[in-house]
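What follows is one structure encoded as structure tokens, with my remarks underneath.
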Number of protein chains: 2
Amino acid sequence: MNQISSLEFALIGLLQQRPQSGYDLRKTFATTAMRHYSDSPGSIYPALRRLEARGWIAAQDPTQPADSRRRRVFRLTTAGKEALVARISLPVTREDVIWQGPELMLRFAFMDGNVPRATALRFLEDFERELGSYVEELRGQLEQMRASFPIHTGVLAFQSGIEGMEAQLDWARRARALLGEAGAAPPMQC
Amino acid sequence: MNQISSLEFALIGLLQQRPQSGYDLRKTFATTAMRHYSDSPGSIYPALRRLEARGWIAAQDPTQPADSRRRRVFRLTTAGKEALVARISLPVTREDVIWQGPELMLRFAFMDGNVPRATALRFLEDFERELGSYVEELRGQLEQMRASFPIHTGVLAFQSGIEGMEAQLDWARRARALLGEAGAAPPMQC
DNA sequence: GTGCACATGTAATGTGTTACATGATTAT
DNA sequence: ATAATCATGTAACACATTACATGTGCAC
């Protein structure tokens with residue numbers, strides 16, 4: 001499979017921000033908001049080797065004297081940056097909003113300094129459109145459920161999902177307004 | 001591994017509602033709000049065979065005359081129902097709310113008619129407590145981010161996650177009020 | 001000098017994904 | 001009759017998880 005996995009995407013996104021070792025990346029997954037990624041060595045080190053084999057990342061200065069520990073600090077290569085930008089710039093599809101992986105918001109988060117502001121605005125527009133239409137469909141299903149069942153947990157759980165999505169829709173509208181009006185601010189373009 | 005997977009849990013939860021064939025279950029995953037589960041035959045049929053091997057589900061009436069198609073309709077066994085109830089009744093941990101899999105809300109949704117109302121209330125209390133403390137932690141991280149970066153996409157994406165969780169917290173409070181006051185309604189107990 | 005955090009790695013296992021294969025029934 | 005849908009299955013592959021293994025440097 002030539003497809004990049006969600007973990008691999010997270011790794012190159014973090015490496016774009018600054019060169020790091022596998023251990024550093026594990027600690028990020030273990031302690032920050034990216035906790036939903038496993039910090040197990042069995043996933044991260046193999047993923048790093050896959051990325052290295054593809055030429056997207058490279059260990060910098062194999063015989064680094066400044067670092068006595070046997071750390072391997074990786075940096076993003078030019079090809080890696082291209083792959084990152086390509087992944088970030090993917091249009092937001094209905095599948096994306098349904099699966100709601102950590103992946104989607106990570107795509108938006110990694111846009112800083114990597115793509116023009118227009119791409120971020122496009123993301124938000126797509127996101128609003130796809131999520132909006134999906135929520136509308138779910139609301140229809142909710143009405144049907146409410147008709148057949150009373151207030152029981154199935155309906156309530158369903159409602160929880162819908163309300164979470166509505167909060168995200170609301171966020172997207174505000175974020176778009178913020179980014180759109182920021183014509184005076186320094187451009188995001190790399 | 002003796003652990004039940006998220007897919008297996010979804011399958012026995014659906015089979016508890018009514019006996020169904022693998023194809024029926026696939027269609028549910030393909031067309032309803034449970035779309036985040038794959039409807040690929042390569043995942044569902046092997047999972048059904050695993051559940052059958054464990055004795056949690058059974059094909060009813062192998063030589064059903066009423067159904068000319070060669071469907072295998074599965075029903076939940078007593079052991080299967082026990083496993084379902086055990087999984088549903090698990091306390092909500094911090095890990096659960098962080099991973100936010102489809103799993104957690106499914107647990108709540110499948111409570112109808114399977115566990116006493118107290119279990120549902122307990123779920124909501126745990127959920128509020130764990131998610132509340134996690135959101136608080138994330139809000140601290142957000143403030144740090146906001147200090148170092150301007151309004152850029154990383155901060156915005158972070159905020160989106162927090163707002164989604166806050167919507168769920170709000171939902172949990174309302175759901176708890178609804179379930180708690182419903183002393184007059186027919187009990188959920190099986 | 002013993003324990004702990006740092007740092008990387010491998011092997012076994014289970015499972016989801018993709019793609020392909022097969023055959024029955026219904027509709028046209 | 002022939003296409004589409006129903007219905008189940010398998011094989012190859014990639015990947016995550018878990019558990020184990022190994023070694024370094026620092027603190028007490």
Side-chain angles (χ1 to χ4, degrees), chain A residues 1-12 15 19-31 34-54 57 59-74 95 98-99 101-103, chain B residues 1-12 15 19-31 34-54 57 59-74 95 98-99 101-103:
Chain A
M1 191 60 53
N2 203 12
Q3 288 259 89
I4 173 175
S5 77
S6 187
L7 172 62
E8 287 164 353
F9 170 62
L11 291 173
I12 59 175
L15 288 175
Q20 294 175 71
S21 71
Y23 194 76
D24 294 332
L25 293 161
R26 285 181 60 199
K27 283 212 306 192
T28 296
F29 290 149
T31 61
M34 296 178 76
R35 246 190 268 282
H36 34 246
Y37 287 101
S38 164
D39 65 332
S40 75
S43 63
I44 290 176
Y45 292 113
L48 287 173
R49 261 177 288 130
R50 287 195 300 272
L51 291 170
E52 197 181 16
R54 270 183 225 161
I57 66 174
Q60 59 183 9
D61 232 320
T63 53
Q64 184 67 258
D67 198 320
S68 52
R69 300 282 178 98
R70 53 169 182 153
R71 298 157 44 89
R72 297 189 67 205
V73 176
F74 292 98
E95 291 305 303
I98 290 175
W99 277 83
E103 154 95 36
Chain B
M1 189 60 54
N2 203 12
Q3 287 261 88
I4 173 176
S5 78
S6 188
L7 173 61
E8 287 164 353
F9 171 61
L11 291 173
I12 60 174
L15 287 176
Q20 292 174 75
S21 71
Y23 193 77
D24 293 333
L25 293 160
R26 285 180 61 200
K27 282 211 308 194
T28 295
F29 290 149
T31 61
M34 296 178 76
R35 248 189 268 282
H36 34 246
Y37 287 101
S38 164
D39 66 331
S40 76
S43 63
I44 290 175
Y45 291 113
L48 287 172
R49 261 178 287 128
R50 288 196 299 273
L51 292 170
E52 197 181 16
R54 270 183 224 162
I57 65 175
Q60 59 183 11
D61 232 322
T63 53
Q64 184 66 258
D67 199 321
S68 53
R69 300 282 178 97
R70 52 169 183 155
R71 297 157 44 91
R72 297 190 68 204
V73 176
F74 292 99
E95 289 305 303
I98 291 175
W99 276 83
E103 156 93 37

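All chains are named by letter (A, B, ...) in the order of the sequence lines, taking the proteins before the strands, and each is independently numbered beginning at 1.
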- Message: Can you tell me if A:S21 touches the phosphate of C:dT8, counting only side-chain N or O atoms and a distance under 4.0 Å to OP1 or OP2?
- Response: yes
- Item | Atom-pair distance (CZ on B:R71; P on C:dA24), nearest Å | 17 Å
- Query: Quick one: is D:dT8 close enough that its OP1 or OP2 comes under 4.0 Å of any side-chain N or O from B:R49?
  - Reply: no
- Integer-rounded Å distance: D:dC15 P and A:I4 CD1: 10 Å
- Task: Using the test side-chain hydrogen bond (donor to acceptor under 3.5 Å, both in side chains), find all partners of B:D39 that sit at least two apart in sequence or belong to another chain.
- Result: none
- Message: Whole angstroms only, please: what is the CZ-P distance between A:F74 and C:dA7?
- Response: 14 Å
- Task: Measure the distance from CZ on B:F29 to C1' on C:dT17 and round it to the nearest whole Å.
- Result: 15 Å
- Item | Side-chain heavy atoms of A:I57 within contact of A:L11, under 4.5 Å | no
- Message: With a 4.0 Å cutoff (strictly under), does any side-chain N or O of A:Y23 reach OP1 or OP2 of C:dC6?
- Response: yes
- Message: Counting only side-chain heavy atoms from C-beta out, which of C:dT15, C:dT17, D:dG9 sits nearest to B:S43?
- Response: C:dT17
- Residues in residues 35-42 of chain B with a heavy atom under 4.0 Å of DNA chain D, by number, are B:P41, B:G42
- Which residues satisfy the ring-ring contact (aromatic ring centres under 6.0 Å, His included) test with A:Y23, sequence neighbours excluded? none
- Query: Quick one: side-chain hydrogen bond (donor to acceptor under 3.5 Å, both in side chains) partners of B:R49, sequence neighbours excluded?
  - Reply: none
- Item | B:F9 CZ - C:dT15 P separation (whole Å) | 16 Å
- Query: Separation of A:Q3 atom CD from C:dA19 atom C1', in whole Å?
  - Reply: 15 Å
- Task: Check whether any side-chain nitrogen or oxygen of B:R26 sits under 4.0 Å from OP1 or OP2 of D:dC6, and answer yes or no.
- Result: no
- Query: Considering only C:dT17, C:dC6, D:dT8, which nucleotide approaches the side chain of A:W99 most closely?
  - Reply: C:dT17
- Rounded to whole Å, CD1 of A:I44 lies from P of D:dA14 at a distance of 21 Å
- Message: Can you list everything that forms a side-chain hydrogen bond (donor to acceptor under 3.5 Å, both in side chains) with A:S38? Sequence neighbours excluded, please.
- Response: A:S40
- Note on the structure: note: B:R72, atom CZ; D:dC6, atom C1'; distance rounded to Å ~ 16 Å
- Message: Once ring-ring contact (aromatic ring centres under 6.0 Å, His included) is applied, do any residues pair with B:F29, and if so which ones, sequence neighbours excluded?
- Response: B:Y37
- Within the pair B:Y45 and D:dT8, is there a side-chain N or O less than 4.0 Å away from OP1 or OP2? yes
- Item | Side chain proximity check, B:L25 to B:L15, heavy atoms < 4.5 angstrom | yes
